[in-house]
**Student:** 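Handing you a structure now.
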Amino acid sequence: MEFFERFAVPNPTFTIYASMVAIALTMLAVVIGITYFRKWGYLWSEWLTTVDHKRIGIMYLISAILMLFRGGVDALMMRAQTAVPENTLLHAQEYNEVFTTHGVVMILFMAMAFIMALMNFVTPLQIGARDVAFPRLNALSFWLYFMGAMLFNISFVVGGSADAGWTSYFPLAGNEHSPHVGTNYYMLSIQIAGLGTLITGINFMVTILRMRAPGMTLMKMPMFTWTALITNMIIVFAFPVLTVALAMGTMDRLFGTHFFAINNGGMDMLWANFFWIWGHPEVYILVLPAFGIYSEIIPTFAGRNLYGYKSMVVSIVSISALSFVVWVHHFFTMGQGALVNSIFAISTMAIAIPTGVKIFNWLLTLWKGKIRFTTPMLYSIGFIPIFTIGGVTGVMLGMASADYQYHNTMFLVAHFHLVIIPGVVFALIAGMFYWWPKMFGFLLNERLGKASFWFIAIGVCVAFFPMFISGLDGQARRMYTYSEATGFGIWNMISFVGALMLAVGFVLIVYNIYYSTRYASRDISADPWDARSLEWATHSPVPEYNFAITPEVNSSEAFWDAKKKGHKLFKGEYKEIHMPSSSGVPFIMCCFFFLWGFALVFSMWITAIIATLGIFACMAHRSFEVDHGYHIPVDEIKRTEEKLGGAKK
Amino acid sequence: MKKKWALLSIIFLIATFLTGCEPLTVLDPKGPQAETTRDVIMISIWTMLFIVVVVFALLIYVLIKYRASNQSEDYEPPHIHGSKLIEGICVGVPIIIVIFLSVITVKSTYEVESTPKGFEDEEPLIIYVSSSEWKWHFSYPEENIETVNYLYIPTNRPIEFKLFSHGSIASFWVPQLAGQKYAMANMINTLHVAATVPGDYVGRNANFNGEGFAHQTFNVTAMEEDEFQEWVEEVHATADPITIDRFEELLEPGHLGQLTFTGTHLDFLPPPSTHHGASHGEDSEEHNEDHSSHDSHDDSGH
């Protein structure tokens with residue numbers, strides 16, 4: 001019995017039992033459905049084993065949307081719980097688990113995955129490449145992320161979720177104060193997903209540096225590719241810190257080491273430092289690609305070139321450098337004294353300068369343009385005012401002395417949501433609407449898209465503006481309840497209404513996907529937005545080899561030049577195309593990773609050893625494998641091109 | 001366009017709230033440290049409001065003027081390269097604003113980290129503040145008394161809080177007196193405070209530390225010096241002494257009401273010996289000697 005008791009949830013409630021049943025039923029339905037429609041073979045050969053960057057991007061996209069709803073339900077529960085004083089909807093432990101998983105899921109499993117989705121799909125197309133530099137490693141990255149996310153999510157019904165906050169500060173996250181396995185899940189699932197991200201970082205850095213089309217010098221790369229390059233460089237520098245920190249944290253919890261303990265020489269501050277040396281650049285890993293997306297969408301729908309291309313590049317590079325020297329502002333109140341705080345306050349505020357440059361460049365891109373208000377453009381324009389408010393409150397938080405009053409309060413919560421939601425979520429939705437025709441060959445419905453925008457944009461303001469006030473009134477974050485006498489009630493109630501509006505907006509997006517999949521016209525051109533960069537020069541949906549002939553580029557808006565100035569993108573004849581072959585190994589290896597993580601969470605050493613051997617067996621298999629990919633013959637290329645609406649040359 | 005105006009009016013609404021609404025706790029200071037932070041916050045709000053208004057005005061202008069429906073069918077937007085002048089303004093103005101805010105930040109950060117203004121010559125009252133799951137222990141070594149979950153302080157006298165923790169990290173925060181600071185297990189942080197107005201103020205732990213976090217609050221009562229002395233004498237006359245056993249009971253995770261003791265737990269359970277965050281010269285070495293020996297704090301909560 002003792003063996004099974006470990007898997008029990010420490011604080012079982014109705015929600016958890018209901019979720020168990022729901023998960024079991026859903027899985028049963030999926031298995032029966034796939035069997036009934038005889039899709040197991042299709043699923044295996046076309047998706048689970050694929051190494052095509054476009055399909056991997058789409059799998060990231062689906063996972064990200066699922067995680068958006070998982071994190072969103074957490075958010076709704078939090079706002080519902082705090083909507084009125086002394087609420088008893090959730091008890092303290094549930095609330096702690098909910099805000100912890102909300103943070104982890106939204107940042108690491110939603111936003112990161114969504115960015116990976118667009119980066120995977122768009123970047124190789126934008127640089128005129130056939131795939132990423134290491135296609136099989138790309139599949140491994142995705143499955144590592146996916147298994148990490150799944151491992152984190154089953155904690156809800158098996159063993160209990162993490163409850164020490166998404167920052168997991170020690171000693172709170174240590175065994176003594178967090179005795180159940182929730183924090184083990186945190187350490188191991190983020191570790192697994194993080195390894196995937198690190199591999200992606202290396203993969204895309206190499207891809208962008210080595211696989212650009214002829215003529216595309218660094219300063220002729222489209223802005224999204226630029227941000228992808230810088231983002232992946234940040235990943236390569238920042239994620240190893242997380243890997244080490246999580247490994248140390250895991251050892252503290254499983255093997256009784258004392259890296260972050262408060263006795264025997266451990267240092268609890270060390271965790272805070274490690275976490276934020278990774279965590280602050282992580283913010284820019286999220287927001288820089290978002291800036292890249294806006295820099296693609298705004299010029300397209302303003303009908304004008306991006307204003308200040310060079311200063312945009314300079315600003316993303318300087319933001320990335322500054323992102324590594326501000327982490328101490330996350331603990332101004334940890335007692336490092338006025339001098340250190342002053343230095344980090346100034347470096348923090350300095351980030352406002354390149355960010356401000358970008359805002360003004362976008363405004364100047366609209367200037368003298370011919371602005372079309374499509375759904376992606378609405379999100380991009382809505383981003384500017386809301387992000388500006390989020391940004392300036394960030395400068396306010398950066399002022400160390402004032403931060404002593406904002407720190408750990410709802411003011412901070414308001415700030416980072418008003419930065420991350422317009423800065424990242426808006427961009428991802430905008431990017432999804434924008435690149436959707438390229439991914440699936442049809443447009444998402446504009447009416448529903450615009451409706452979702454208004455719900456989300458207004459919902460964000462209604463949900464988070466009141467928090468500035470309740471924060472200045474003394475409401476600390478992460479409080480599961482408060483008394484009526486505090487007067488926080490009214491502000492939290494308004495926030496709850498805003499959260500409901502956000503929920504409606506996100507449901508509308510999913511309904512839009514369903515509706516458009518059923519009813520939208522498939523008869524669209526390859527370039528429905530009259531866009532400017534290279535990905536629009538191939539067909540929609542994109543054939544597996546991307547470009548039949550490698551394009552030649554002469555500016556950052558090569559496709560626009562081809563349309564308007566008669567520049568010839570595709571020269572020469574069709575040639576055989578070399579493609580990488582699919583492989584089931586990444587998927588199988590990541591199943592072993594899942595097992596490995598699960599075994600370690602519950603200290604099942606024998607299973608963990610077996611899983612480790614499995615992982616290494618998969619690596620060994622690869623090293624003995626002889627696989628040079630395959631070639632698509634010229635005839636087949638011709639046939640595909642004709643079928644997709646006339647050969648592109 | 002409606003949305004832009006709606007947004008703009010919301011901003012103004014918030015600004016009015018922030019400026020017009022005295023009762024917002026952080027903006028209602030009762031001592032010089034909180035006054036400093038209030039002033040910094042207000043300066044930054046006005047500066048930021050200026051930036052927000054400029055960005056909103058520019059955005060609304062370009063969106064109205066250059067929307068497609070406002071232009072002729074054959075209008076072709078020009079290809080514009082950057083202009084040195086405009087980019088200079090876009091970089092220059094933010095730099096000036098950041099320099100302005102940096103000066104204020106550095107000055108005020110040193111201010112809140114040192115003895116409160118106007119009280120530089122006075123001998124500070126030292127109070128050791130320690131956090132345990134989920135309570136606050138206040139030790140007055142000079143007065144030789146200890147309280148749990150409430151704090152009596154004299155007005156118009158500088159107070160030095162020495163913060164540490166018996167377990168996880170907590171954050172000591174009395175918004176009307178000063179900004180918060182962390183209480184951590186292996187070191188002592190110093191928080192300088194002075195109250196100029198007698199009254200009751202709310203204090204709480206602001207850093208999440210587990211299940212009982214929401215209710216880890218305490219009450220601060222600021223009173224005239226003679227009243228404070230009366231209270232001290234009363235405590236000595238009526239309260240029980242604190243003992244090791246009693247204190248270890250108190251450390252058990254859970255909530256307690258307000259308690260009062262004579263003596264302090266610092267005598268048998270010395271605070272950590274390393275000091276942080278004391279940015280002024282007269283770091284309290286003289287209060288240091290009686291707890292130079294200190295074992296690891298594996299006593300936390302158990």
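Sequence lines set the chain letters: A, B, ... in the order given, protein chains first and strands last, and positions in each chain run from 1.
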**Student:** Report the option among A/Ser470, A/Ala272, A/Ala400 that has the most heavy-atom pairs separated by less than 4.5 Å from atoms of chain B.
**Tutor:**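 Looking at each option in turn, the highest pair count goes to A/Ala400.
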**Student:** Under 3.5 Å, is there a donor-acceptor pair between the side chain of A/Lys370 and the main chain of B/Glu73?
**Tutor:**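 Such a contact is found between A/Lys370 side chain and B/Glu73 backbone.
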**Student:** How close do A/Met349 and B/Val98 get, counting heavy atoms only, and between which atoms?
**Tutor:**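 What the structure gives for the nearest pair is O-CG2, 3.6 Å.
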**Student:** Counting only heavy atoms closer than 4.5 Å, note whether A/Thr409 contacts chain B via side chain, backbone, both or neither.
**Tutor:**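 Just the side chain, heavy atoms under 4.5 Å.
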**Student:** For B/Val93, give me all partners under side chain to side chain contact (heavy atoms under 4.5 Å, CB included), at least two apart in sequence or on another chain.
**Tutor:**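 If we apply the side chain to side chain contact (heavy atoms under 4.5 Å, CB included) test to B/Val93, skipping adjacent residues, the hits are B/Ile89, B/Ile97.
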**Student:** Under a 4.5 Å heavy-atom cutoff, which of A/Gly265, A/Ala352, A/Ala476 has the most pairs with chain B?
**Tutor:**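 Result: the option with the highest number of such pairs is A/Ala476.
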**Student:** Can you tell me how far the CD atom of A/Glu557 sits from the NE2 atom of B/His79, to the nearest 0.5 Å?
**Tutor:**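 So the CD of A/Glu557 and the NE2 of B/His79 are separated by 6.5 Å.
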**Student:** Do you know the tightest heavy-atom contact between B/Ile169 and A/Phe170?
**Tutor:**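 Minimum heavy-atom contact is CD1-O, 3.5 Å.
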**Student:** Sort out for me which of B/Ser171, B/Ala34, B/Ala206, B/Ser69 touches chain A most, counting heavy-atom pairs under 4.5 Å.
**Tutor:**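 Looking at each of B/Ser171, B/Ala34, B/Ala206, B/Ser69 in turn, B/Ala206 comes out on top.
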**Student:** Just wondering, are more than 12 heavy atoms of other shown residues or ligands nearer than 6.0 Å to OH in A/Tyr169?
**Tutor:**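 Count over threshold, so yes.
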**Student:** Please flag which part of B/Gln71 lies under 4.5 Å from any non-hydrogen atom of chain A: side chain, backbone, both or neither.
**Tutor:**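 B/Gln71 touches chain A through side-chain heavy atoms alone.
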**Student:** Once rounded to the nearest 0.5 Å, what's the spacing between atom CG of B/Asp39 and atom OG of A/Ser401?
**Tutor:**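 Going from CG on B/Asp39 over to OG on A/Ser401, the span is 10.0 Å.
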**Student:** Hey, does the side chain of A/Gln93 reach the backbone of B/Glu211 with a donor-acceptor pair shorter than 3.5 angstrom?
**Tutor:**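 No.
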**Student:** Roughly how far apart are B/Asn207 CG and A/Thr167 OG1, rounded to 0.5 Å?
**Tutor:**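 OG1 of A/Thr167 is found 7.5 Å from CG of B/Asn207.
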**Student:** With a 4.5 angstrom heavy-atom cut-off, is it the side chain or the backbone of B/Ala178 that approaches chain A, or both, or neither?
**Tutor:**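 For B/Ala178, the backbone is the part near chain A, not the side chain.
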**Student:** Distance-only, no hydrogens or angles: does the B/Tyr61 side chain make a donor-acceptor pair with backbone N or O of A/Trp367 under 3.5 Å?
**Tutor:**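 Not at all, since once roles are kept as given, no pair shorter than 3.5 Å links the two residues.
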**Student:** What part of B/Glu76 gets within 4.5 angstrom of chain A, counting heavy atoms only: side chain, backbone, both, or neither?
**Tutor:**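 Interface part for B/Glu76: side chain.
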**Student:** To check you understand the geometry: which heavy-atom pair defines the closest contact between B/His215 and A/Tyr480, and what is its length?
**Tutor:**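 Closest heavy-atom pair between B/His215 and A/Tyr480: NE2-OH, 3.5 Å.
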**Student:** Looking at every non-hydrogen atom in both residues, tell me the closest pair between B/Asn186 and A/Ala261 and how far apart they are.
**Tutor:**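 So the two residues come closest at ND2-O, 4.4 Å.
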**Student:** Quick one: closest heavy-atom pair of B/Pro77 and A/Arg304, and the distance?
**Tutor:**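 B/Pro77 and A/Arg304 have their closest heavy atoms at CB-CG, 3.2 Å.
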**Student:** Under a 4.5 Å cutoff for heavy-atom pairs, which residue among A/Asp163, A/Asn341, A/Leu339 has the most contacts with chain B?
**Tutor:**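 Most heavy-atom pairs within the cutoff with chain B belong to A/Leu339.
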**Student:** For A/Ala345, is it the side chain, the backbone, both, or neither that has a heavy atom closer than 4.5 Å to a heavy atom of chain B?
**Tutor:**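 Just the side chain, heavy atoms under 4.5 Å.
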**Student:** Under 4.5 Å from any heavy atom of chain B, what part of A/Ala350 do you find: side chain, backbone, both or neither?
**Tutor:**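 The answer is the backbone of A/Ala350.
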**Student:** To the nearest 0.5 Å, what is the distance between CD1 on B/Ile45 and CE on A/Met396?
**Tutor:**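 Output value for this atom pair is 4.0 Å.
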**Student:** CE/A/Met399 to CD1/B/Ile43 distance, rounded to the nearest 0.5 angstrom?
**Tutor:**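 These two atoms lie 7.0 Å from each other.
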**Student:** Quick check on A/Ala173 against chain B: is it the side chain, the backbone, both or neither that has a heavy atom closer than 4.5 Å?
**Tutor:**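 Neither the backbone nor the side chain of A/Ala173 comes within 4.5 Å of chain B.
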**Student:** Considering only heavy atoms, which portion of A/Ile343 lies under 4.5 Å from any heavy atom of chain B: side chain, backbone, both, or neither?
**Tutor:**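 For A/Ile343, there is no contact with chain B at all, as no heavy atom is under 4.5 Å.
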**Student:** Atom CG of A/Leu364 and atom CD1 of B/Ile86: how far apart are they, to the nearest 0.5 Å?
**Tutor:**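 A/Leu364 atom CG to B/Ile86 atom CD1 measures 6.0 Å (nearest 0.5 Å).
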**Student:** May I ask you to name which of B/Val91, B/Leu58, B/Leu101, B/Val112 has the most heavy-atom pairs under 4.5 Å with chain A?
**Tutor:**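 Most heavy-atom pairs under 4.5 Å with chain A: B/Leu101.
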**Student:** Under a 4.5 Å heavy-atom cut-off, does chain B meet the side chain of A/Lys310, its backbone, both or neither?
**Tutor:**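 Neither; nothing under 4.5 Å.
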**Student:** Any donor and acceptor pair, going by atom type alone, linking the side chain of A/Thr333 with main-chain N or O of B/Lys181 inside 3.5 Å?
**Tutor:**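 Between the backbone of B/Lys181 and the side chain of A/Thr333 there is no qualifying donor-acceptor contact (under 3.5 Å).
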**Student:** Can you say whether A/Ile359 sits under 4.5 Å from chain B via the side chain, the backbone, both, or neither, judging by heavy atoms?
**Tutor:**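 For A/Ile359, the contact with chain B is made by the side chain alone.
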**Student:** If you count heavy-atom pairs under 4.5 Å with chain A, which of B/Ile51, B/Leu191, B/Ile95 comes out on top?
**Tutor:**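 Of B/Ile51, B/Leu191, B/Ile95, B/Ile95 has the most heavy-atom pairs under 4.5 Å with chain A.
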**Student:** Looking at B/Met48, B/Gln180, B/Met184, which one has more heavy-atom pairs under 4.5 Å with chain A than the rest?
**Tutor:**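 Maximum pair count with chain A is reached by B/Gln180.
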**Student:** At their closest point, which heavy atom of A/Gly369 faces which heavy atom of B/Tyr75, and how far apart are they?
**Tutor:**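 Nearest heavy atoms, A/Gly369 then B/Tyr75: O-CE2, 3.5 Å.
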**Student:** Could you give all pairs that pass the side chain to side chain donor-acceptor pair (under 3.5 Å) test and reach residues 97-107 of chain B, with sequence neighbours left out?
**Tutor:**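 Side chain to side chain donor-acceptor pair (under 3.5 Å) check on residues 97-107 of chain B returns no pairs.
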